[in-house]
Amino acid sequence: MFKRKITRQIYVGKIAIGGGAEISVQSMTNTKTTDTEATVAQIKALVEAGCDIVRLAVPDMSAAKNLGNIIKAVEVPLIADIHFDYKLAIEAIHQGIAALRLNPGNIGGAAHVKSVVAEAKAAKIPIRIGVNAGSLSRKLLEKYGGVTAEALVESALEHVAILEAEDFYDIKISLKAHDVPLTLAAYRLMSEKVDYPLHLGITEAGTVNTGVIKSAVGIGALLAEGIGDTVRISLTGDPVVEVKVANEILKSLGLKNYGATLIACPTCGRTRIKSRKKISNC
């Protein structure tokens with residue numbers, strides 16, 4: 001077993017993240033959040049595949065107001081993915097969401113951040129600060145001459161400071177890019193600076209073949225170094241595949257028991273086949 005960095009512990013619903021808890025697997029629905037039936041069906045398929053936490057897009061108020069209907073129909077903790085409009089975050093909390101994903105810097109100023117934090121505190125739910133390479137401020141891009149690990153970390157720390165100023169510490173952090181070396185460097189640097197739990201991922205990883213490889217290399221490397229408390233594989237397509245890949249990565253590192261392990265000869269010139277049985281001397 002790899003020696004993991006022990007971070008502070010938070011809870012998303014009943015799921016512990018950080019503090020030595022088992023690394024949890026997340027995914028995100030790609031259904032319309034206003035479509036209760038389709039979204040619930042997909043959530044249940046994700047859970048069946050081994051998903052611990054599910055995130056839902058909340059692009060508008062109609063989606064936010066429908067969260068309660070979805071929450072009532074499933075048992076897995078749900079996270080609301082919020083951008084730009086603080087009112088969506090507040091409505092999601094009122095609907096009973098288990099956690100928020102947002103950037104405090106892009107929801108409309110200090111007063112709006114205070115409103116969201118006050119509601120999150122009252123509901124006792126955490127906030128994930130999600131920083132992506134594609135969403136860095138012009139100020140940081142100019143300071144560092146482009147997208148760098150230092151720029152990603154500084155951006156995240158600026159958002160952390162906004163929440164800490166409100167005496168809010170129920171936080172986890174993600175620093176995602178499609179570039180694997182950049183992502184590795186950013187998470188390593190952040191791991192040295194804070195003890196908040198880290199959400200691992202390679203964003204915009206691509207289609208299944210490419211995305212699986214990039215995710216396995218990037219996330220696997222960090223987990224092997226003891227960095228990371230929860231993971232999400234980002235693939236274009238069926239999110240159920242994301243869950244299976246995440247669990248296989250964890251299993252391959254001895255971090256989780258997940259189904260049977262199939263061991264098979266790769267075959268070579270010594271392989272002989274009789275009827276439907278394969279005989280190998282390797």
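No hydrogens, no waters, no symmetry mates; every other heavy atom, side chains included, goes into these values. Starting from 1, each residue takes its place in the sequence as its number. Just so we're clear, the structure is a prediction, and the values are computed from it rather than from any experiment.
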Give the minimum heavy-atom separation between Pro239 and Asn30, together with the two atoms involved.
CD-ND2, 3.5 Å

Are any non-hydrogen side-chain atoms of Val116 and Leu100 less than 4.5 angstrom apart?
yes

Test salt bridge (charged side-chain N to carboxylate O under 4.0 Å, His left out) applied to Lys143 - qualifying residues, sequence neighbours left out:
Glu154

If the condition is salt bridge (charged side-chain N to carboxylate O under 4.0 Å, His left out), which residues does Arg232 pass it with, not counting sequence neighbours?
Glu242

Closest non-hydrogen atoms of Leu255 and Glu22, given as atom of the first, atom of the second and distance, are O-CG, 4.5 Å

With a 4.5 Å heavy-atom cut-off, do Leu184 and Leu222 have their side chains touching?
yes

Examine Phe84 and Met28 and state if one hydrophobic cluster contains both, with Ile, Leu, Val, Met, Phe, Trp and Tyr joined whenever side-chain heavy atoms are less than 4.5 Å apart.
no

Would you confirm whether Ser155, through its side chain, and Leu152, through its main-chain N or O, come within 3.5 Å as a donor-acceptor pair?
no

Which pairs pass salt bridge (Lys or Arg N to Asp or Glu O under 4.0 Å) with one or both residues in residues 101-124, sequence neighbours excluded?
Asp81-Arg101

If you take all heavy atoms of Pro126 and Phe168, which pair is closest and at what distance?
CA-CZ, 4.3 Å

Output, in order, the C-alpha distance, side-chain angles, deciding distance and verdict of side chain to side chain contact (heavy atoms under 4.5 Å, CB included) for Ile173 and Val131.
CA-CA 8 Å; Ile173 302 170; Val131 176; 5.9 Å; no

Test your reading of the model: is there a side-chain donor-acceptor pair from Gln9 to the backbone of Ala16, 3.5 Å cut-off?
no

Is Thr39 reaching over with its side chain to a backbone N or O of Asp35, donor-acceptor style, under 3.5 angstrom?
yes

Hey, any chance Ile71 and Tyr11 share a hydrophobic cluster, counting ILVMFWY side chains that come within less than 4.5 Å of each other, even indirectly?
no

Straight-line distance of His112 NE2 to Asp85 CG, nearest 0.5 Å:
8.5 Å

Considering non-hydrogen atoms only, spot the tightest contact between Ala149 and Ala186 and give its length.
CB-N, 3.6 Å

Would you be so kind as to tabulate the donor-acceptor pairs closer than 3.5 Å made by side chains of residues 157-167, with sequence neighbours excluded?
residue: Glu158; atom: OE2; partner: Lys139; partner atom: NZ; Å: 3.0
residue: His159; atom: ND1; partner: Gly105; partner atom: N; Å: 3.4
residue: Glu164; atom: OE2; partner: Tyr196; partner atom: OH; Å: 2.6

Would you mind listing the cluster partners of Ile53? Hydrophobic ones only (ILVMFWY), side-chain contacts under 4.5 Å, chaining allowed.
Ile10, Val12, Ile15, Ile17, Ile79

Tell me every residue that passes salt bridge (charged side-chain N to carboxylate O under 4.0 Å, His left out) with Asp238, counting only those two or more places apart in sequence or in another chain.
none

Roughly how far, to the nearest 0.5 Å, is the CD atom of Gln42 from the CD1 atom of Ile70?
10.5 Å

Taking side chain as C-beta onward, heavy atoms only, is Arg55 less than 4.5 Å from Ser27?
no

Do Ile202 and Leu223 share a hydrophobic cluster, counting only Ile, Leu, Val, Met, Phe, Trp and Tyr and linking them when any side-chain heavy atoms are less than 4.5 Å apart?
yes

Applying side chain to side chain contact (heavy atoms under 4.5 Å, CB included) to Leu88 and Met61, what does each step give before you reach the verdict?
CA-CA 6 Å; Leu88 301 179; Met61 190 56 72; 3.9 Å; yes

Reported NZ-to-CG distance for the pair Lys214 and Asp179, which is rounded to 0.5 angstrom
7.5 Å

Give a yes or no answer on whether the side chain of Tyr187 reaches the backbone of His199 with a donor-acceptor pair at less than 3.5 Å.
yes

Looking only at the side chains, is there a donor atom on one of Asp229 and Thr7 sitting less than 3.5 Å from an acceptor on the other?
yes

Quick one: are Ile125 and Asp170 in side-chain contact, heavy atoms under 4.5 Å?
no

Between Asn66 and Ser62 (side chain of the first, backbone of the second, donor and acceptor by atom type, cut-off under 3.5 Å), is there such a pair?
no

Reported NZ-to-CG distance for the pair Lys244 and Leu46, which is rounded to 0.5 angstrom
10.5 Å

Under 4.5 Å between side-chain heavy atoms, hopping through other hydrophobics if needed: is there a path connecting Leu141 to Leu182?
yes

Heavy-atom check, side chain of Val25 versus side chain of Val231, under 4.5 Å:
yes

Of all heavy-atom pairs between Gly220 and Ile249, which one has the smallest distance, and what is that distance?
CA-CG2, 4.3 Å

State the CD-CD1 distance between Glu91 and Ile97, to the nearest 0.5 angstrom.
11.0 Å

Give a yes or no on whether the backbone of Ala57 and the side-chain of Thr33 come within a donor-acceptor separation of less than 3.5 Å.
yes

With heavy-atom distances below 4.5 Å as the criterion, would you say the side chains of Leu67 and Leu78 are in contact?
no

Stepwise, does the side chain to side chain contact (heavy atoms under 4.5 Å, CB included) test hold for Cys51 with Val76?
CA-CA 8 Å; Cys51 191; Val76 66; 5.8 Å; no

Donor-acceptor contact below 3.5 Å, side chain Thr230 vs main chain Ser24:
yes

Using every non-hydrogen atom in the two residues, find where Ile93 and Ala123 come nearest and quote the distance to one decimal.
CG2-CB, 3.7 Å

Which value, rounded to the nearest 0.5 Å, describes the distance between Gln26 atom CD and Ser234 atom OG?
10.5 Å

Measuring only between side-chain heavy atoms, which start at C-beta, is Arg4 closer than 4.5 Å to Ile23?
yes

Taking C-beta and beyond as the side chain, do Leu175 and Thr183 meet within less than 4.5 Å on heavy atoms?
no

Would you kindly confirm whether Leu102 and Tyr169 end up in one hydrophobic cluster when ILVMFWY residues are joined by side chain heavy atoms under 4.5 Å apart?
yes

